[in-house]
Number of protein chains: 2
Amino acid sequence: MPIKQKILAKQKILVVDDDMTSRVTLAGYFETEGYEVCEAEDGEQMWAVLNQETINLIMLDIRLPGDDGLTLLRDIRKSSDIGIIMVTGKSDEIDRIVALEMGADDYVTKPFNARELLARSKNLIRRTLNSKVGEEDDDVKTFSGWSLYADQRRLISPEGEDVRLTRGEFELLSTLVQRVGRVLTRDNLLDYISHREWDPNDRTIDVLIGRLRRKIEQDPQNPNIILTVHGVGYVFSPRQ
Amino acid sequence: MPIKQKILAKQKILVVDDDMTSRVTLAGYFETEGYEVCEAEDGEQMWAVLNQETINLIMLDIRLPGDDGLTLLRDIRKSSDIGIIMVTGKSDEIDRIVALEMGADDYVTKPFNARELLARSKNLIRRTLNSKVGEEDDDVKTFSGWSLYADQRRLISPEGEDVRLTRGEFELLSTLVQRVGRVLTRDNLLDYISHREWDPNDRTIDVLIGRLRRKIEQDPQNPNIILTVHGVGYVFSPRQ
DNA sequence: AGATCTTGTTCACATCCTGTTTACACAATT
DNA sequence: AATTGTGTAAACAGGATGTGAACAAGATCT
């Protein structure tokens, strides 16, 4: 499944720009290079994305409605060391330098040189990944004594054992864990783990759920963590 | 106490440029800002300094007598992730981009804008310091009886034997060791060890992993230190 | 300069892994 | 009871991985 593999390896880039043309242009560059791109039109949307996703790089327009780019830059730097590249117009000379002094890693000027932009982005992402080595223990979900480490793709049992999950099992469990208490249809699940249409004869999800249960449920025949909702789908609902 | 030393001591910048005027100009900028500046006129002098001093940032002229800047850049990147800013003339457009793609962090064009140059340098030094805190608080990593000496580029077996690693094997092992428990894709790994794009048919990493396993695993067929994560990549996960 | 060695990369093929399908037993709902 | 949905063992197929061998570009030595 080369598609899925690509997705797993994708770095996420957030483009913050109120001008749709710029946004689309930038998104296009990055997407063809295999990055995943999120978009935001202003500061508010930007924060919403940052709170939800793990972003590796921000392309931040210096001119924005509401809080402008420099303000947002300052606020981000208060709490994060994420890579930031400012997007500037030709007339923003002074602001560019101010941005660098406020901790922006770089800036680009419209119109963009795609090749240069991509090379810079890649180098910056490599640097930020490096610096995260010590600090990234945050991406862990626990339930009923189990711990699921998203970045390490590891599941640790209550006894501390490393339980190996296949890619599909891991994706499935992650999806369920991220939506505790919400019932997900097979259609949903299949879409999340392999971007595929579900048809009524497709039993893939059922089989994967079964294998998952045998690995994490105390009594797989009477599941306590992943429950079946007859006629609908499955729901992740560990007892607290 | 390398960390404390790092923070308290002046940051050292190495300026590599055959043109004395440029060198003096750059050195002046940095010195007034409180940096310590070393100078080199060509590749040979550069290596001499690098072998003797702990440098935090290199300003590297792209045009040099003997080995040119791009060659030196490539050679440095073979063994170090230090911050590098290329110094270029107005006519070096293509080389600038090539340099970025070879792993240079940035470039500046003569004539320099002092304020911008300093801001960029400061940000870059911050990033490289960050990434080094995690990896350099002990320049020797041990696992399952093995010892990997980062500075000497040496691997010592549990029996005390010196096991020779090629450059690629060493870089690969270092990269993995620095990110214990984190799954790295072939894409990631290839980028770290040779700044190259990975395509789905590229088996380089697999072969190198295999050779590494045959050197350090007790039973290379059933690896215990470097594990395969099917469909994703590899993870360094020594038994505790 | 030429010869030799080193080493990253490519190729080819065997083997393994894992998502999917199939089949059938059982459970839930009507 | 009939119908539909779910659990799960077993088999399958195609992609992913392991690996020996060959290759080529650099580095090193003579």
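In what follows, chains carry the letters A, B, and so on, assigned in the order in which the sequence lines appear, proteins first and then strands, with residues in each chain numbered from 1.
- Counting only heavy atoms from C-beta on, B/Asp202 has its side chain closest to C/dT10 among C/dT10, C/dT9, C/dG19.
- In this model, a donor atom of one side chain and an acceptor atom of the other lie less than 3.5 Å apart for A/Tyr192 and A/Arg179.
- Less than 4.0 Å separates DNA chain D from no heavy atom of any residue of residues 42-51 of chain B.
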| query | Between A/Arg120 and A/Asp105, is a salt bridge (charged side-chain N to carboxylate O under 4.0 Å, His left out) present by the stated rule, with each step listed? | reply | CA-CA 10 Å; A/Arg120 284 182 183 275; A/Asp105 291 282; over 6 Å; no
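- Scanning residues 66-76 of chain B for heavy-atom distances under 4.0 Å to DNA chain D yields an empty list.
- Crowding of B/Arg63 atom CZ: a count of heavy atoms from other residues, nucleotides or ligands under 6.0 Å not exceeding 12.
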Residues 162-170 of chain B side chain polar contacts: donor-acceptor under 3.5 Å, at least two apart:
{"residue": "B/Asp162", "atom": "OD2", "partner": "B/Arg154", "partner atom": "NE", "Å": "2.9"}
{"residue": "B/Asp162", "atom": "OD2", "partner": "B/Arg154", "partner atom": "NH2", "Å": "3.3"}
{"residue": "B/Thr166", "atom": "OG1", "partner": "B/Glu169", "partner atom": "N", "Å": "3.2"}
{"residue": "B/Arg167", "atom": "NH1", "partner": "B/Lys78", "partner atom": "O", "Å": "3.2"}
{"residue": "B/Glu169", "atom": "OE1", "partner": "B/Thr166", "partner atom": "N", "Å": "3.0"}
{"residue": "B/Glu169", "atom": "OE1", "partner": "B/Lys215", "partner atom": "NZ", "Å": "2.7"}

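- Here the options are B/Asp219, B/Thr228, B/Asn222, B/Asn224, the test is side chain to side chain donor-acceptor pair (under 3.5 Å), and the partner is B/Arg213; only B/Thr228 passes.
- Within the nucleic acid shown, A/Asn201 has no heavy atom closer than 4.0 Å to any nucleic acid atom.
- Residue-to-nucleotide contacts include no donor-acceptor pair under 3.5 Å from the side chain of B/Arg213 to the base of D/dG18.
- Atom CG in A/Asp206 sits roughly 10 Å away from atom P in D/dT8 (whole-Å rounding).
- Remark: B/Thr88 engages B/Ile62, B/Met86, B/Asp92, B/Arg96, B/Tyr107, B/Thr109 in a side-chain contact (heavy atoms from CB on, under 4.5 Å) (not counting sequence neighbours).
- Annotation: proximity of residues 216-225 of chain A to DNA chain C (heavy atom, distance under 4.0 Å) is found for no residue.
- Closest to the B/Tyr234 side chain, of the nucleotides D/dT17, C/dT20, D/dG7, is D/dT17.
- Comparing atom distances between the B/Arg203 side chain and each of D/dT6, D/dT19, C/dT20 picks out D/dT19 as nearest.
- Summary for the helix from C/dA1-D/dT30 to C/dT30-D/dA1: the axes at its two ends, each from 5 pairs, differ by 30° when rounded to the nearest 10 degrees.
- Remark: the B/Arg167 side chain and the C/dG8 base include no donor-acceptor N/O pair separated by less than 3.5 Å.
- Considering only side-chain N and O atoms, B/Thr228 lies nowhere under 4.0 angstrom from the phosphate OP1 or OP2 of D/dA16.
- The residue B/Arg211 sits close to a base: some heavy atom pair falls under 4.0 Å.
- Side chain of B/Asn51 to main chain of B/Trp47: a donor-acceptor pair is present (N/O by atom type, distance under 3.5 Å, no hydrogens or angles).
- A/Arg186 pairs in a side chain to side chain contact (heavy atoms under 4.5 Å, CB included) with only one of the listed residues (A/Asp206, A/Ile209, A/Asp202), which is A/Asp206.
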